[in-house]
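Following this message is one structure expressed as structure tokens.
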Amino acid sequence: MTPAGHGGPRRGRRPMPDADMQSAGFRQARLARKTALIEDYVELIDDLLNNGQEARQVDIAARLGVSQPTVAKMLVRLEADGLVTRRPYRGIFLTEAGHDMATLSRARHHTVECFLRALGISEANARIDAEGMEHYVGAETLDAFRHALDAGLAAFMETARKHRHD
């Protein structure tokens with residue numbers, strides 16, 4: 001008898017994808033992890049500014065649940081990447097590139113959150129889950145989410161839930 005996990009495919013398991021497809025998936029996930037934090041910072045800065053507040057290091061740290069030194073390090077990176085500018089005693093501002101990134105990130109988040117809500121996920125859980133998922137969902141999947149929403153996914157799911165409970 002072979003040890004668990006060895007000796008060939010087990011019943012009910014799908015075959016592994018080919019190596020190119022699998023490596024493309026891992027590459028996409030690594031890129032998403034790399035950009036997710038940057039997008040979160042830029043989107044938060046944009047949110048603070050759009051709500052009439054200053055985007056200050058202390059506010060960013062409190063909202064992201066990280067230390068001020070962590071925020072300071074990221075701000076140096078964001079400035080070097082041309083996404084923010086900092087003005088002494090005036091806070092942090094987005095460059096045009098930073099604003100564009102925030103707009104795209106917010107749109108992805110909105111689409112994912114609306115899709116989850118259409119599936120019947122509670123508002124609180126949809127918001128929390130979308131915050132993580134938005135960075136990992138590819139363009140094709142986002143287009144499919146939008147198409148499903150436009151085609152009436154929410155109404156379909158509501159009807160399906162009612163029939164299930166009847």
Counting distance only, does the side-chain N/O of Asn51 pair as donor-acceptor with the main-chain N or O of Asp47 below 3.5 Å?
yes
Separation of Leu153 CG from Glu158 CD (nearest 0.5 Å)
11.5 Å
After noting the C-alpha distance and the side-chain angles of Leu75 and Val71, does the key distance pass the side chain to side chain contact (heavy atoms under 4.5 Å, CB included) rule?
CA-CA 6 Å; Leu75 291 175; Val71 173; 3.8 Å; yes
Quick one: does any side-chain atom of Arg63 pair with a main-chain N or O of Ile45 as donor and acceptor, under 3.5 Å?
no
Point-to-point distance, once rounded to the nearest 0.5 Å, from CD of Gln53 to CG of Asp59:
6.5 Å
Testing the basics here: between Ala97 and Gly82, what is the closest heavy-atom pair and its distance to 0.1 Å?
CB-O, 3.9 Å
Closest contact, heavy atoms only, Ala130 versus Leu116:
N-CD1, 4.0 Å
From SG (Cys114) to CG (Asp150), nearest 0.5 Å
10.5 Å
Determine, using the 4.5 Å side-chain heavy-atom cutoff (strictly less than), whether Leu119 and Met133 are members of one ILVMFWY cluster.
yes
Tell me which one of Ile92, Asp40, Val66, Thr70 satisfies side-chain contact (heavy atoms from CB on, under 4.5 Å) with Ile60.
Ile92
From Leu149 CG over to Arg117 CZ, what is the distance, rounded to the nearest 0.5 angstrom?
12.0 Å
Walk me through it: do Arg106 and Glu134 pass the test salt bridge (Lys or Arg N to Asp or Glu O under 4.0 Å)?
CA-CA 9 Å; Arg106 186 174 296 105; Glu134 73 188 60; over 6 Å; no
Using a strict threshold of under 4.0 Å (side-chain N to carboxylate O), is an ion pair present between Glu79 and Arg86?
yes
Just so I know, are the side chains of Asp81 and Arg77 near enough to count as touching, which here means a heavy-atom distance under 4.5 Å?
yes
Side chain to side chain, His135 and Ser105, heavy atoms closer than 4.5 Å:
yes
Any side-chain heavy atom of Glu39 within less than 4.5 Å of one from Arg108?
yes
Donor-acceptor pair, Thr111 side chain versus Leu142 backbone, under 3.5 Å?
no
Any heavy-atom pair between the side chains of Met101 and Leu83 that's under 4.5 Å?
yes
What's the spacing between Phe115 CZ and His147 NE2 if we round to 0.5 Å?
11.5 Å
same_hphob_cluster(Leu37, Leu44) at 4.5 Å side-chain heavy-atom cutoff
yes
Examine Phe156 and Ile121 and state if one hydrophobic cluster contains both, with Ile, Leu, Val, Met, Phe, Trp and Tyr joined whenever side-chain heavy atoms are less than 4.5 Å apart.
yes
Does His99 offer a backbone N or O that forms a donor-acceptor pair with the side chain of Thr103 under 3.5 Å?
yes
In Å, rounded to the nearest 0.5 Å, how long is the span from CG of Leu78 to NZ of Lys73?
14.0 Å
Leu48 and Ala55: which non-hydrogen atoms are nearest, and at how many Å?
CD1-CA, 4.0 Å
Does NZ or CZ of Arg87 come closer than 6.0 Å to the centre of the six-membered ring of Phe93, within 45° of the ring's axis?
yes
N/O donor-acceptor pair under 3.5 Å between Asn50 side chain and Asp46 backbone
yes
Would you check if there is a donor-acceptor pair between the side chains of Asn125 and Asp129 at a distance under 3.5 Å?
no
